[in-house]
Amino acid sequence: MSDNPPARWAIVGRGRLGTALADALRATGLPVDGPLGRGADGADSDAVLLCVPDEEIPAAAARIAPGRLVGHCSGALGLEALGEHEAFGLHPLMTVTEAGADFGGAGCAVAGSTPRALAAARDVARCLGMHAFEIAESDRAVYHAAASVASNFLVTLEAAAEQLASTAGAGRELLAPLVRATVENWAAHGPAGALTGPIARGDEATVRRQREAVADRAPDLLALFDALTAATRRLARPQRQRPPGAMRTVRTVAELRSALSAPRAAGRRIGLVPTMGALHEGHRSLIRRARAESDVVVVSLFVNPTQFRPNEDFAAYPRDEGRDAALAEADGADLLFAPAPEEVYPDGFRTQVRVTGPLTERLEGAVRGPEHFHGVTTVVAKLFAMVAPHAAYFGAKDAQQALVIRRMVRDLDLRIDIVTCPTVREPDGLALSSRNAYLDPDERERAIALRRGLDAAEASVAAGERDPARVTAAGRAAMAEFGVEPEYFEIVSTEDLSPPAAIDGEALVAVAAQVGRARLIDNTTVHAPARVEAGPFGHDKREAQCSV
């Protein structure tokens, strides 16, 4: 097989997916033939991507002469369907309509029979802004079933809802906003944060009336309604089993360990959400995620003095235990651990847990000093020792903190899953933060500068820019329009925070800025295709926005 790169691609199959992929790839500057008819062999191309029905893939592959990369877009089939070719798989987790598809941000299952083939699949995915991931062959059927539930079966459910609503004179257009909001809530907060309605609140009388109505108006849907009711009850049970006032507040390590001894002995899963209080929707999403994945949820409430510099806002940091306790209980916490400072740092305390090196010296470490993170890792290590959780939940807004804690857990061989949950934002994009309370109305308007700077960086990368200096300049310029100068605006590796020479693959864009009294941080992840001259093919395509 030649080591020359696939300079020209052929898309075989004129259906929705083939048309959408050909248009999307061509828009990046990649030379593409097609979409071609199903009988085409892509004779003038170096690589052929088959976008034909699954049952036609083996025959379509057999028509292609040896010597070219050959791939398919099936989620159900492995590479054996492509015969003896150097084969790759590319399955976008995306619904494609007659109008095409925006593949940006979608997941994409990739496979390859050789390193070169796998690299080609990954580069095409990145070229279109997708997140490439590999699926083990033994997991293919269940992966494909999950995709069907998330897309095809969802359409089936909405068709059932439309059928029922039509008997009451309500059309699909009235249901659509509800469906969109529900899916967005599920994507942001998981099942626990999205589930509402009579089953979630334990209103079985309403459920019975609903069932009677379904039996009367659409009896063919009754079995489906019953199955969904049973599944929803199982999903809602952890929330409904907790009577009002079930959350307990403990203030000492001894009380905490005593409260956890019985569930631990019973093998129940314990989830920890460490907070400094002043809970907002971001914290609450972590508690709901922990509730959905744990048998017992512990929320810690402790403003940690060791992570504040002398001139920072430790004394002024917002504190309202009563409010925080009510919110934590409403979202499913079982225990609120609210220790006094002397319980965490007793007289004579002399121990620190430190993660050293670039992870704690760059970004926040450079501005606030590495002692900030030494304070974080010390208090988190103590919380882990006190609670001994199976999992701990952190927000993606503090991306550097999450990396530091993951490194600490790895280096100390702690058996704790670190779960990082999506950043929760205001409608205009401002990341939620306890320090947002410091902002007056004018400062609140200016604070959106951080999100606009990240948006500008994302747009610059999407337009083909790969020079970190130029991307950061675009972000800083966008912030300057709001009169905000960042303390830092940097592009770094998502693994170790090292600065890349060029944006190649995935990178973290991190920003911090002082707006009035509030010091705010935010970040986003950008994805760029690997440059071909540095990639597995060695082909120079510097004029193309995307080269694979």
Side-chain angles (χ1 to χ4, degrees), residues 5-65 68-79 81-82 85 87-112 117 120-133 143-144 147-148 150-155 158 462-464 527 529 541 543-548:
R8 177 169 292 276
W9 287 72
I11 306 296
V12 176
R14 290 174 175 161
R16 295 177 181 180
L17 181 59
T19 300
L21 282 173
D23 290 345
L25 288 170
R26 191 176 290 112
T28 69
L30 189 69
V32 177
D33 294 330
L36 307 173
R38 292 183 184 178
D41 62 1
D44 296 327
S45 65
D46 302 292
V48 182
L49 181 57
L50 301 175
C51 301
V52 299
D54 287 4
E55 64 273 15
E56 297 182 20
I57 289 175
R63 284 191 287 267
I64 301 171
R68 278 168 286 173
L69 288 168
V70 180
H72 65 58
C73 293
S74 171
L77 300 181
L79 299 181
L82 296 171
H85 290 290
F88 66 93
L90 185 83
H91 182 241
L93 275 172
M94 174 57 61
T95 296
V96 180
T97 67
E98 295 288 355
D102 178 5
F103 295 99
C108 185
V110 297
R122 285 189 171 278
D123 281 348
V124 170
R126 291 174 184 147
C127 184
L128 297 178
M130 295 189 285
H131 304 294
F133 63 96
Y143 151 76
H144 202 230
S148 293
S151 56
N152 304 329
F153 292 4
L154 182 60
V155 173
E158 300 311 336
H527 302 268
K541 298 252 319 148
E543 298 303 316
Q545 293 183 20
C546 177
S547 48
V548 290

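Note that these values count all heavy atoms, side chains included, but never hydrogens, waters or copies made by symmetry. Heads up: numbering here begins at 1 and tracks the sequence.
To the nearest 0.5 angstrom, F103 atom CZ is 5.5 Å from L17 atom CG. Within the model, atoms CG of D102 and CE of M94 stand 6.5 Å from one another, a figure rounded to the nearest 0.5 Å. Between E55 atom CD and S74 atom OG the span is 10.0 Å, to the nearest 0.5 Å. Here the straight-line distance linking atom NE2 of H144 with atom CG of L77 works out to 8.5 Å at 0.5 Å rounding. With values rounded to the nearest 0.5 angstrom, C73 atom SG is found 8.0 Å from I57 atom CD1. Of the inter-residue distances, the one linking L49 atom CG with I11 atom CD1 reads 4.5 Å to the nearest 0.5 angstrom.
C127 and L25 get closest at one heavy-atom pair: SG-CD2, 4.3 Å. Across A101 and V96, no two heavy atoms sit closer than the pair CB-CG2, 3.9 Å. The two atoms that bring A117 and A87 nearest to each other are CB-O, 3.1 Å, heavy atoms only. V110 approaches A132 most closely through the heavy-atom pair CG1-CB, 4.1 Å. Across R38 and V52, no two heavy atoms sit closer than the pair CG-CG1, 4.1 Å. Heavy atoms only, all atoms of each residue included: L90 and C108 are closest at CD1-SG, 3.5 Å.
Checked by atom type and distance alone, the side chain of H85 never pairs as donor or acceptor with a backbone atom of L69 at under 3.5 Å. The closest donor-acceptor contact from the side chain of R63 to the backbone of D41 lies at 3.5 Å or more, if one exists at all.
Residues H527 and H131 form a side-chain contact, since some pair of their non-hydrogen atoms from C-beta on lies under 4.5 Å apart. L50 is listed as a side-chain neighbour of L82, based on a closest heavy-atom distance under 4.5 Å.
A centroid separation of 6.0 Å or more is found between the aromatic rings of H72 and F88.
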Kindly indicate, with the supporting measurements, whether the criterion side-chain contact (heavy atoms from CB on, under 4.5 Å) is fulfilled by W9 and L21.
-> CA-CA 11 Å; W9 287 72; L21 282 173; over 6 Å; no

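S45 and D33 are not linked by any side-chain donor-acceptor pair at a separation below 3.5 angstrom, with hydrogens and angles left out of the test.
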